[in-house]
Amino acid sequence: MNLCELAPEYIRAIQPYRPGKPISELVRDLGLNKSEVIKLASNENPLGTSPLAKEAMIQALSEAARYPDGSGYELKEALSERLGVSTEQIVLGNGSNDVLELAARIFLRPGAAAIYSQYAFAIYPLLAQAVGATGIRVPARDFGHDLAAMLDAITPETRIVFIANPNNPTGTLCEARDLLRFMERVSQDVLVILDEAYDEYLPEANKANSIAWLKNFQNLVITRTFSKAYGLASVRVGFALAHTDLANLMNRIRQPFNVNSIGLAGALAALQDVEFVKHSYTTNRTGMLQMTSGLRQLGIEYIPSYGNFVSFHISGNPTNGLKVYKNLLQQGVIVRPLGNYDMPNHLRVTIGLEAENKKFLFALEQALKEIG
Ligand SMILES: *Cc1c(COP(=O)(O)O)cnc(C)c1O
């Protein structure tokens, strides 16, 4: 008997997560020059990394032979001060994916269920499946979360509801008052995970004061990340905010050194670099206008987005989405096809620098001509 056949069926059935194509891969595939390729596929920060964070990470390299501070003391102190929570409410993760997984491992198992929206972040169904839990996908409304329907979908087996706000890949946002009403109605024995990976890109007027809700709802977990506006996707730092008891459980099952010292140093410095985050925000706002007005000029429909990306629709034959994606690759432009989200005619493009957005829009125009 093959050993792998002894693995649970739900593990063997997992379809691996498909990340954005790395630049190095396209360079290898097409023999392009690295400088000719632009990657607008993974919602990374087009400004790169904050200079302060880069300097701090270089300093931290000299201690690379030592294990990191497993408690993440300094970063937690800084986050605690910035966000107005106690350090006992913070769980650091190897990216926010790590803390999402901790919550899933605590509450999900075969027989338990997790709820997420159609078109929501692809990691949620994967997390449920990896622990043999049932995934309940609730139909979206206008590509966004239908919170009322999600509330109705809760069964006695439901342990977690995932809400991405804003959502990736659709960029949709739930209004704060609707989220609050959801929290007030949902049973206290269902954990609500509010994934705020793109929070820094929201105008102040659109931000939910979700951290304040932690005082009233012990079943709320908020997740944030240093991967996007802070420009640290590669070093993998994210965190969860939760009630002390829940944070304690999560901290007990995480790997003792889940966040490395380079990441800790980079995140701490990035948090202090308020100017860089502000610049990231304004660059994204300007770039979003450039991108959406360019799409409109090409007659392309898009889903209005609150993130640092926008998903747009290629009309006609259902294979046109993939055709345009491949044509863009030939031109050295990497975007994200959304076939694995059941949106085969949508592509997601990350907002880049002005010249990158321009190059993308030009390449898209060519691609549309070629597919006819
Ligand atoms: C990018 C993203 C994250 C962040 O993942 P990390 O593991 O922190 O890099 C989390 N949630 C959503 C919805 C995202 O798009």
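Remember, it's a predicted structure, so these values are computed and weren't measured experimentally. In each ligand, atom 1 is the first atom listed, and ligand 1 is the first ligand listed.
The shortest heavy-atom distance from Asp195 to ligand 1 is under 4.0 Å. Taking 4.0 Å as the cut-off, Phe226 does not count as a neighbour of ligand 1 on heavy-atom distance. Distances from ligand 1 to the non-hydrogen atoms of Gly238 include no value under 4.0 Å.
Looking only at side-chain heavy atoms (C-beta outward), Gln118 and Val138 stay at 4.5 Å or farther from each other.
Phe312 pairs with exactly one of Tyr302, Phe143, Phe360, Tyr325 by the ring pair (Phe, Tyr, Trp, His ring centres under 6.0 Å) rule, that one being Phe360.
The aromatic rings of Tyr230 and Phe226 sit tilted relative to each other, their planes meeting at an angle between 30° and 60°. Classification of the Phe162-Tyr116 ring pair by plane angle, with boundaries at 30° and 60°, yields tilted.
Checked by atom type and distance alone, the side chain of Asn43 never pairs as donor or acceptor with a backbone atom of Thr350 at under 3.5 Å.
Comment: Arg224 engages Asp199 in a salt bridge, judged by a side-chain N to carboxylate O separation of less than 4.0 angstrom.
The proximity of Ser96 to ligand 1, defined as any non-hydrogen pair under 4.0 Å, involves the side chain as well as the backbone.
Set against the non-hydrogen atoms of Ala197, the atoms of ligand 1 under 4.0 Å away are 2 (C), 3 (C), 10 (C), 11 (N), 12 (C), 14 (C). Taking every non-hydrogen atom of Ser227 and a distance limit under 4.0 Å, the qualifying atoms of ligand 1 come out as 6 (P), 8 (O), 9 (O). Applying the 4.0 Å criterion to heavy atoms of Asn168 picks out, from ligand 1, the atoms 13 (C), 14 (C), 15 (O).
Side chains of Glu200 and Ser280: no donor on one and acceptor on the other come within 3.5 Å.
With hydrogens left out, the protein atom closest to atom 5 (O) of ligand 1 is Asn97 ND2, 3.1 Å, a heavy atom.
Here the CG atom belonging to Leu151 is positioned 10.5 Å from the CE atom belonging to Met183, to the nearest 0.5 angstrom.
The residue from Arg236, Glu196, Lys228 that puts a heavy atom closest to atom 3 (C) of ligand 1 is Lys228.
At least one N or O atom of Tyr198, backbone or side chain, sits closer than 3.5 Å to an N or O atom of ligand 1. At a 3.5 angstrom cut-off on N or O pairs, Tyr124 does not count as close to ligand 1.
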